J.: 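Just dropping this structure here.
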Amino acid sequence: MQQNNGDITSNVSPLLLRAASIAARERMEALTDADREWLAAWLQENTVHQEWLQQFRNRRDLSALLAEYDRVQQLAGQELVAFQGKHFMPAPHRVHYLKLAWVRYVAVVILLLGAGAYLWFRVGVRSNIITRQSSSIHDIVPGGQKALLTLADGSTIVLDSAANGQLALEQGSRILKKDGQIIYAPFSTDQKAIAYNTMRTPKGGMYQLTLPDGTRVWLNAASAIKYPTAFTGKDRVVEMEGEVYFEVARNKQMPFKVRMDEGVEVEVLGTAFNVNSYDDEPAIRTTLIEGSVRVNAYRELQMLTPGQQSEVIAGNKMKVVNNADINQAIAWKNGLFNFNGYDLKSVMREIARWYDLEVVYESDPGPRRFRGEVERNLTLNQVMIVLKDLKVNYRLEGKMLIITK
Amino acid sequence: MNKNNLHNEGNALRDKIAAGEEAAFDQLFLDMYPPLFILTSRLIHDESFAKDIVSESFLHLWENRTSLMHVTDLKAFLYTSTRNRALDFLKKRERSLRREERAQQQESLASPAENILNAILDAEALRTLYAAIQSLPPECRKVVQLGMDGYSTSEIADQLSISPSAVSHQKARAIRLLKDKITVSLLLSLLM
């Protein structure tokens, strides 16, 4: 096992890494006899080894180092997404196909409506028709199933890389992972202590979650939800940020409440609804799909009936929209962008959240409004090609999308 | 446990990456990014450049994936490549500092070889610890962590408000779990 320890031009030896791993397990008192023998032999090699192990055995700051490691593990998740965006072309590269099939699959209808031109488009790409094209065009892959789960003890699991199966046991619940979703399976109802877990999606991520009461929850990109691992007491309270769609399990004895930072609360009995509370959107919008909810904001209570949408603008009164566009409110959950009635800035806010971008405008984009749906599994360039034909010019510099004149 | 089997499984990840499987690369990235970043930040004392350096190492690996068959140990390969990049970075920075302040005597920024070796050992030991602890049930995890920080069984019992016998029980359980399950996965990653 000769090693050139002092020579920094030599390769790092796998044996060195093995020694480090064994030393780590020694600290957890989980060594086998074979490990002990191996380590003893390694120590005989030179004093540098002995000095390091001596020092490592005496460390009393491992918890702090592990906390730091945990922070870097989060960073690794973010950096991987950035890395993929920069260096992985989506293997089946579809731009080529899109251009060829332009006439067939993209209809552009210009309607004149008042002062603004409304533009309609819909893009569907059939995944079975794909042409392969090696290319080095700078592109950004769409978001996918990515989320972080923070347990009651503060430890965090990167869900995109975690294996399917049981992830952890928390107060009263088993946490199970199935592809793209997390399920809390309750196994005990008499819980004294309440533990809270948090699921958080990054920009470019979405995830599905089933709470211990059977309520189903979908998180859009850059969103979070905090919930107890077992529902006890007289109500079921969760906190959220960003955009979340709920299908609440019916339980009249325990109302379900969704709280937001801004002091807005939605109370429900058993229902399906969507809440969009992104900081960069002008209003918190709650859209009721079925059942009934009560929105509580700034001491004002408002009951919603299916098809209604409430808008709460910071510090302002609540406004209720009848016949809200439900398809638009939950398009994201169904894998679509729905830009009906959006101005360019609204369109770009959604794109920025899904492709993890910053958007910069070289000039005022004006009041022009759009109509149309685009699939969320396209790459950025594919989406932008559609917009380009609607006279939206842009250039991409790293993670910055610049809307030019 | 048959070592040859483990070895084959370890090489399977390498072969998948060599074949261009992005999921296999992602797995390696998430596993190895933290220790490489910790090593690099310690050598160059600059987190933002450390990010660049570690990303470059992974990019180098990915771009040269077709010739990975000649690499016997992916982890050692990544440590080597990252360490070399960090040292190059220090050399360049030292040179530019010298140019700027020619008159002044510059202290060498590069760490002595021994420190580099210690930094690699620490990073890899930490990676092993983190993976092992993450695999434990939460109630075991706290007991093991406090134990590593040097607290006695009774001190741990006080801190967690449980009985000393519960602490001993969790400790024994952790050790059993680690020996059974983790040794296998550690061996796997060792031979990767």
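Sequence lines set the chain letters: A, B, ... in the order given, protein chains first and strands last, and positions in each chain run from 1. Quick caveat: nothing in here was measured; it's all calculated off a predicted structure.
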J.: Looking at Leu62(A), Val158(A), Leu66(A), Leu80(A), which one has more heavy-atom pairs under 4.5 Å with chain B than the rest?
T.: Leu80(A)
J.: By a 4.5 Å heavy-atom criterion (distance strictly below it), what part of Arg71(A) contacts chain B: side chain, backbone, both, or neither?
T.: side chain
J.: Looking at Asp153(A) and Lys142(B), is there a salt bridge between them, counting it only when a charged N and a carboxylate O are closer than 4.0 Å?
T.: no
J.: At a 4.5 Å cut-off on heavy atoms, which part of Phe37(B) comes close to chain A: side chain, backbone, both, or neither?
T.: side chain
J.: Please look at Asp70(A) and chain B and tell me whether the side chain, the backbone, both or neither of the residue comes under 4.5 angstrom of a heavy atom of that chain.
T.: both
J.: Write down the atom of Arg83(B), the atom of Ser10(A), and the distance for their closest heavy-atom approach.
T.: NH2-O, 2.6 Å
J.: Counting only heavy atoms from other residues, nucleotides and ligands, does the tally under 6.0 Å from CG of Asp33(A) exceed 12?
T.: no
J.: Indicate the atoms forming the closest heavy-atom contact of Arg60(A) with Gly150(B), along with that distance.
T.: NE-CA, 3.7 Å
J.: Just so I understand: if I count every heavy-atom pair under 4.5 Å between each of Leu78(B), Val54(B), Leu59(B) and chain A, which residue has the most?
T.: Leu59(B)
J.: What pairs with Ala23(A) under side chain to side chain contact (heavy atoms under 4.5 Å, CB included), at least two apart in sequence or on another chain?
T.: Trp52(A), Leu53(A), Phe56(A)
J.: Any non-hydrogen side-chain atom of Leu126(B) less than 4.5 Å from a side-chain atom of Glu68(A)?
T.: no
J.: Checking Met206(A) now: which residues fulfil side chain to side chain contact (heavy atoms under 4.5 Å, CB included) with it, not counting sequence neighbours?
T.: Trp332(A), Trp354(A), Arg376(A)
J.: Say you draw a straight line from CD1 of Ile38(B) to CG of Leu65(A); how long is it, rounded to the nearest 0.5 Å?
T.: 8.0 Å
J.: Hey, could you give me the CD/CE distance between Gln145(B) and Met28(A), rounded to the nearest 0.5 Å?
T.: 10.5 Å
J.: By a 4.5 Å heavy-atom criterion (distance strictly below it), what part of Ile120(B) contacts chain A: side chain, backbone, both, or neither?
T.: side chain
J.: Taking the side chain as everything from C-beta on, heavy atoms only, tell me whether Glu79(A) gets closer than 4.5 Å to Phe29(B).
T.: yes
J.: Are there residues of residues 60-71 of chain B whose heavy atoms fall under 4.5 Å of chain A's heavy atoms? If so, which?
T.: Trp62(B)
J.: Name the option with the most non-hydrogen atom pairs under 4.5 Å to chain B; the candidates are Leu151(A), Val72(A), Leu31(A).
T.: Val72(A)
J.: So does Pro14(A) get a backbone contact from the side chain of Asp73(B), meaning a donor-acceptor N/O pair under 3.5 Å?
T.: no
J.: Of all heavy-atom pairs between Glu124(B) and Leu17(A), which one has the smallest distance, and what is that distance?
T.: CG-O, 3.6 Å
J.: Other residues, nucleotides and ligands only: do more than 12 of their heavy atoms fall within 6.0 Å of CD on Gln55(A)?
T.: yes
J.: At what distance, to the nearest 0.5 angstrom, does CG of Leu121(B) lie from CD of Glu51(A)?
T.: 12.0 Å
J.: Strictly under 6.0 Å, is that where the ring centroids of Phe25(B) and Phe83(A) end up?
T.: yes
J.: Provide the closest heavy-atom pair for Tyr69(A) versus Pro35(B) in the form atom of the first, atom of the second, distance.
T.: OH-CD, 3.2 Å
J.: Which atoms of Leu30(B) come close to chain A, meaning under 4.5 Å heavy atom to heavy atom: side chain ones, backbone ones, both, or neither?
T.: both
J.: Give a yes or no answer on whether the side chain of Thr128(B) reaches the backbone of Ala24(A) with a donor-acceptor pair at less than 3.5 Å.
T.: no
J.: Can you tell me how far apart CZ (Arg25(A)) and CD1 (Ile175(B)) are? Round to the nearest 0.5 Å.
T.: 13.0 Å
J.: Look at Tyr33(B), Tyr130(B), Tyr79(B) and state which one has the largest set of heavy-atom pairs under 4.5 Å with chain A.
T.: Tyr130(B)
J.: Within the 4.5 Å heavy-atom criterion, are Ser63(A) and Met148(B) side-chain neighbours or not?
T.: no
J.: For Tyr227(A), give me all partners under side-chain hydrogen bond (donor to acceptor under 3.5 Å, both in side chains), at least two apart in sequence or on another chain.
T.: Tyr184(A)
J.: I'd like to know if Asp149(B) and Arg59(A) make a salt bridge, using a cut-off of under 4.0 Å between side-chain N and carboxylate O.
T.: no
